Amino acid sequence: MDEQTQLSKTLPEERRYHYLISGISDYAIYMLDPDGRVSSWNAGAHRFKGYVAQEILGQHFSHFYTSEDRDTDLPKRALATALAEGKYEAEGWRVRKDGTRFWAHVVIDPIYDEDGVLLGYAKVTRDVTARKQAEEALRESEQRFRLLVQGVTDYALYMLSPEGIVTNWNSGAERIKGYAEAEIVGSHFSRFYTPEEDAAGVPRRALSTAASVGRFEAEGYRVRKDGSRFWAHVIIDAIRDDRGQLVGFAKITRDLTEKKKAAEALEAANVALFQAQKMESIGQLTGGVAHDFNNLLSVLSSGLEVLAMQRKESDSGSGDIRTIDSMRRAIDRGARLTQQLLAFARQQPLQAETRNLNRIITGFETVLRRAVNPNIEFVVELDRKAHSALIDSARFESALLNLVVNARDAMPDGGRLAITSANLSVGAESGALAPGDYVKVTVADTGTGMPPEVVARVFEPFFTTKEVGKGTGLGLSQVYGFIKQSGGEVLIDSKPGEGTAVSIYLPAVVEAALEGTASHTERVLIVEDEPDLMDVAASLFTSMGYDVLTAASGREAIDVMERRDVDILFTDVVMPNGMNGIELASYTREHYPDTKIMLASGYPLPALKQRHGAGLGEFAFVNKPYRLSDLARTLRSAM
């Protein structure tokens, strides 16, 4: 047995405890007398508080408390609690000798002798400032994170329990989904899903995927508190503790409704652009083929005329004559076919005038009714306030008849066919129609309808869904070409088994142009290189009360306008000596903007546009040969 062991055995037990407590430096362990004065001091107390024993023995322990705590009698209440409850335990700020503060964990126990007489108090203090600072840092971090999450309003950020119960809620979630935190915390997140997806088990599969692979991401419709739906991008991340146990899920939802609408609008615009480009290309090809085919038919027709005359002179048999007649009928059918193709290609001459569409429909209603089978209910519902439109009435009637016949053929077992009219004002957000006022005429049926892939092709020439021999595939293409040439649009809404609605949109003439009531006789300048035509035109204008000036060329017309005031310029398009009628009209528009301009030509307007460009459409136009009524009508639209 060594000397140290021998010494410990010979020391009294009380002394051994005294050495033990005095040697502890991680805790301040000291005694207080019944009044709270320090009666012992250990190394830990010296290290924590900075006082040596001689400085602090006999001092009241409230010396270690902050002035705020002393003002509230906290030291006195601490001793009272220890006496009453057998123990006092708390944490708070304490003060060192140098005035600095530290966060302390304090335990005060009362000490009694064998007779139950209070001897004093045992006080144990531990410096837990580092732990306190770590907790504060963590709390501040959590607070900053909470503020960050709550400040995000473009995303719904919230937590789910492992079972899918909502455990917290941010302001973005409230804005997007409409629920306040008190309404939703404790509810299952499946309530945000549509009934169809909930019934299909989508919420359950989402959590299962996130739990198994760590993440679930998808897009789909979700339901707000008010029942409305929005398109959402959803991410669910699994959250696990240090041991890898699943403790819940973090769920992020973003409302992409506007983005989806924009994408759909862009896709629709691209489809419409593709369709327009396709139809334009087909139209150009069709127009070229039709023109060339017309030339071939002209050769054949002229050749047949020569053959017919030769057969008459040679007194040939009736068989040859019948053959020639059959060939002539075939040429006539070919000519009609080319006219249909030209209608689709928007190269047919139109006699457009401002007409009330309701009057055209009601005046043609008898013919339309005769085209419909008896087992079809035929209804005409016209808006009495429908505007007028600039339209070739005869070709508009033909277009209506085409649509009615198509509707009839789509209802072999009967149904309902309705023709309606209405005014429509289109804003800038519409993709299919340019902004402005329109007259809408719709032919709707309750027939077989068409799938989207058929609707996309119905305006193509020779495309038909009818049986062989029951349709040429040119009816709707004619309607399309005519309406587009008239500055309008044709849209189709059709679903298999529900029927089809073909809507024609024509720019509305909201107010009739007011004729000027000038106090002087208006002066017209007629520019024509053919003397006979110039005389006829001069006579017609004179009969309408105009003062007439004439010129044989563009240059001569400019000289006249420099010398005389001219109210109306009436010029031929094709003229010799360099300047044509369109160039003269453009010069007049630039230098004499108040002069009304009207062009005339023996060529159809579409052919002239192809030759001279789109600028021709800026001016009023009349076809040769013209009559007095043609001039009067065109003058009303001249600018």
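These numbers come from a predicted model, not from an experiment. All values below were derived from every heavy atom in this structure, side-chain atoms included, with hydrogens, water molecules and symmetry-related copies excluded.
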| Under a 4.5 Å cut-off applied to non-hydrogen side-chain atoms, are V443 and N406 in contact? | no
| field | Reported OH-to-OG1 distance for the pair Y221 and T194, which is rounded to 0.5 angstrom | value | 10.5 Å
| said: Could you measure the distance from the CG atom of D547 to the CZ atom of F541? Nearest 0.5 Å is fine. | reply: 12.5 Å
| message | Is it the case that the side chain of E197 and the backbone of Y193 share a donor-acceptor pair, with hydrogens and angles ignored and the cut-off at 3.5 Å? | response | no
| Short side-chain to backbone donor-acceptor contact, S494 and M450, under 3.5 Å | yes
| field | Contacts of type salt bridge (charged side-chain N to carboxylate O under 4.0 Å, His left out), residue E196, not counting sequence neighbours | value | R229
| field | Residues in side chain to side chain donor-acceptor pair (under 3.5 Å) contact with E219, at least two apart in sequence or another chain | value | W231
| message | According to salt bridge (charged side-chain N to carboxylate O under 4.0 Å, His left out), who are the partners of E258, at least two apart in sequence or on a separate chain? | response | none
| task | Taking atom CG of D565 as the centre, report whether more than 12 heavy atoms of other residues, nucleotides or ligands fall under 6.0 Å from it. | result | no
| task | In sequence, state the C-alpha distance, the side-chain angles, and the governing distance for F396 and L400, and then conclude on side-chain contact (heavy atoms from CB on, under 4.5 Å). | result | CA-CA 6 Å; F396 182 71; L400 275 180; 3.7 Å; yes
| Within-4.5 Å side-chain heavy-atom neighbours: L506 and V441 | no
| said: Quick check with a 6.0 Å cut-off and a 45 degree axis cone: is R523 positioned over the face of Y546's six-membered ring? | reply: no
| task | For the residue pair T253 and F230, establish whether any side-chain heavy-atom pair is separated by less than 4.5 Å. | result | yes
| request: Quick one: closest heavy-atom pair of T446 and R416, and the distance? | output: OG1-N, 3.0 Å
| Partner of L569 under side-chain contact (heavy atoms from CB on, under 4.5 Å), chosen from L549, V527, V560 | V527
| said: Would you say that T257 contacts K260 through its side chain, given a criterion of any heavy-atom pair below 4.5 Å between the two side chains? | reply: no
| request: Report yes if some heavy atom in the side chain of I419 is under 4.5 Å from a heavy atom in the side chain of V404; otherwise report no. | output: yes
| task | Provide the closest heavy-atom pair for E489 versus I483 in the form atom of the first, atom of the second, distance. | result | N-CG2, 3.4 Å
| said: Contact between R222 and I176 at the side-chain level, heavy atoms closer than 4.5 Å - yes or no? | reply: no
| field | Passing candidate, side-chain contact (heavy atoms from CB on, under 4.5 Å) with S601, options V622, T571, N623, V573 | value | V573
| message | For a 4.5 angstrom cut-off between non-hydrogen side-chain atoms, does V426 reach Y505? | response | no
| said: With a 4.5 Å cut-off on side-chain heavy atoms, are D198 and P195 touching? | reply: no
| field | Residues forming a side-chain contact (heavy atoms from CB on, under 4.5 Å) with K495, sequence neighbours excluded | value | E498
| query | Which heavy atom in V439 sits nearest to a heavy atom in S388, and how many Å separate them? | reply | CG2-O, 3.7 Å
| message | What's the separation between atom CG in L584 and atom CG in L525, rounded to the nearest 0.5 Å? | response | 7.5 Å
| task | Mind checking the NZ-CG spacing from K440 to D383? Nearest 0.5 Å is all I need. | result | 12.0 Å
| query | Under 3.5 Å, is there a donor-acceptor pair between the side chain of D226 and the main chain of S228? | reply | yes
| For the atom pair CG (L368) and CD (E397), what is the distance rounded to the nearest 0.5 Å? | 8.5 Å
| field | Pairs involving residues 356-365, ordered by first then second residue, that meet salt bridge (Lys or Arg N to Asp or Glu O under 4.0 Å) (sequence neighbours left out) | value | E365-R369
| task | Enter the distance from N356:CG to S421:OG here, rounded to the nearest 0.5 Å. | result | 8.5 Å
| field | Residues which pass ring pair (Phe, Tyr, Trp, His ring centres under 6.0 Å) with H591, listed by chain and number, not counting sequence neighbours | value | Y587
| field | Smallest separation among heavy atoms of P507 and G487, with atom names | value | CG-O, 3.3 Å
| Can you name the closest pair of heavy atoms from A386 and N423 and give their distance? | CA-OD1, 3.2 Å
